[in-house]
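First comes the structure, then the notes that go with it.
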There are 2 protein chains.
Amino acid sequence: MSNLQDWKGARREAARAAIVAAAWDAVGEVGLSGLSIRDLAKRAGITTPTIYAYFSSKNDVYDAMFLQAAEDFERHMTAPASDPAPERALVEGARRFMEFCRADAPRYQLLFQRTIPGFEPSADAYAPAVRALEVARNLLASVGISDARSLDLWTALNTGLVDQQIANDPDGERWSSLLEDAVAMFLTHVRPRRSTTRSRNR
Amino acid sequence: MSNLQDWKGARREAARAAIVAAAWDAVGEVGLSGLSIRDLAKRAGITTPTIYAYFSSKNDVYDAMFLQAAEDFERHMTAPASDPAPERALVEGARRFMEFCRADAPRYQLLFQRTIPGFEPSADAYAPAVRALEVARNLLASVGISDARSLDLWTALNTGLVDQQIANDPDGERWSSLLEDAVAMFLTHVRPRRSTTRSRNR
DNA sequence: GTCTATAGCTGGATAGAC
DNA sequence: GTCTATCCAGCTATAGAC
């Protein structure tokens, strides 16, 4: 019996995933806030009421998109670093963030800019994004930075570079090429000096 | 005759301004992309067709809002600095940018985030914003920074702080309190060392 | 210029047959 | 679960009287 329920649940999840995939197609063309249920149904090859068999509302569709985006984000950011040296891993983390955001502008808008009136992601959908921020915290800790202000400065620096890149030079490298330089600037500023006494920052 | 035309033109501009003012009221409540001509007319105390006596389309209303916002931005950023010391003026410029953006979230969204599908500001509306960027360029030049990469890093740092502040702590000071620190970080990193020979950077 | 009235459409969401 | 058919609200924009 459990098998049957699993099977039905999997079918349902597959159908939901197909609709969400069509939704990403749609927002890629008409913009994030231009998503409409009718158009979505057409793209998914079904009819309007069928959408409501899988989602309770349009915002529920947005929420499923948010969840998927947040899971992708977590996966993207938690992949093992290619270089074990902490400083290089930090640069790689910043670059990964840039690349993830640039790869899909509507996804970036949904995840990081709050721009759809009336939509707030559910706690479940939000959770993976929170876990991904933990990655940044750990990366910074590995280079000796653990205070909250420095973490905030780090996120500001990263989102600023991404924001300018996407808004003003979506197909170039004008800001992404500054990334290495920006990380160096950040590290020089916030990293505790190599202390003479071993007990510092303990 | 010219007097009559001026008078009529002024009347027309006043009527347009009143509609734009009502539009700012509206977007403050329903969100930038939630603006509707009907609601706007109601708020302005007129009827729908009258809107079209002053604006050719909904995007034309957005364009007038953009122009006004860009003019306000230019005024806000070009006001004389309270402290003539270049470093202090730079910090003040950054703080002005933060305060201007925080003061009105929909205005920030319209001016700096491109989030309304199908709307692009006209060149006329955009011009004041470009002139305001010149202020940043001049401020940086006054502390000896004139390369394009540093200017880009400066804008990224500023927008990043603002973005995080608005998105994640709209009523607090979590990122705006980092501003002074961030400027110090930036200056240490990009400012040419005080050279022993006077001819450097000449 | 401003109104009433409405065209013409598209939106989210649902009823009920199958 | 999926469909046809549809409700009803909202939208942008316009026609035409005054």
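Numbers restart at 1 for each chain; the letters A, B, ... are given by sequence-line order, proteins then strands.
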Tell me whether the NZ or CZ atom of B:Arg102 lies within the 45° cone about the ring axis of B:Phe97 and under 6.0 Å from its centre.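 Ring-cation test returns no.
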
Hey, can you pull the residues of residues 37-58 of chain B with a non-hydrogen atom under 4.0 angstrom from DNA chain D?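 Residues of residues 37-58 of chain B under 4.0 Å from DNA chain D: B:Ile37, B:Arg38, B:Thr48, B:Pro49, B:Tyr52, B:Ser57, B:Lys58.
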
Let's see if you get this right: which residues in residues 13-26 of chain A place a heavy atom under 4.0 Å from DNA chain D?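 Residues of residues 13-26 of chain A that come under 4.0 Å of DNA chain D do not exist, since none gets that close.
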
Over how many whole Å does the gap from [X] atom [atom1] to [N] atom [atom2] extend?
{"X": "B:Leu35", "N": "D:dA13", "atom1": "CG", "atom2": "P", "result": "11 Å"}
{"X": "A:Asn59", "N": "C:dG11", "atom1": "CG", "atom2": "P", "result": "16 Å"}
{"X": "A:Trp7", "N": "D:dG1", "atom1": "CH2", "atom2": "C1'", "result": "13 Å"}

Is the closest basic N to carboxylate O distance between B:Arg75 and B:Asp72 below 4.0 Å?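 Yes, B:Arg75 and B:Asp72 are salt-bridged.
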
Quick one, A:Arg131 with A:Glu134, criterion salt bridge (charged side-chain N to carboxylate O under 4.0 Å, His left out). Give me CA distance, side-chain angles, the key distance, then yes/no. CA-CA 5 Å; A:Arg131 288 196 295 271; A:Glu134 282 299 309; over 6 Å; no

Do B:Met65 and B:Leu35 have side-chain heavy atoms sitting under 4.5 Å apart?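 The answer is yes; the side chains approach within 4.5 Å.
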
Less than 4.5 Å apart, side chain to side chain, heavy atoms only: is that true for A:Asp124 and A:Leu67?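 A:Asp124 does not reach A:Leu67 side chain to side chain.
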
To the closest 0.5 Å, what do you measure between CG (B:Asp63) and OG (B:Ser57)?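 It comes to 8.5 Å.
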
Should we count OH of B:Tyr126 as having more than 12 external heavy atoms under 6.0 Å?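 Result for OH/B:Tyr126: open.
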
Sugar-phosphate only, base, or nothing, as touched by B:Arg12 at under 4.0 Å among non-hydrogen atoms: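 Sugar-phosphate, no base atom in range.
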
Working note: A:Phe112 + A:Phe100, criterion ring pair (Phe, Tyr, Trp, His ring centres under 6.0 Å); need CA distance, chi angles, decisive distance, verdict. CA-CA 12 Å; A:Phe112 300 110; A:Phe100 180 85; 7.1 Å; no

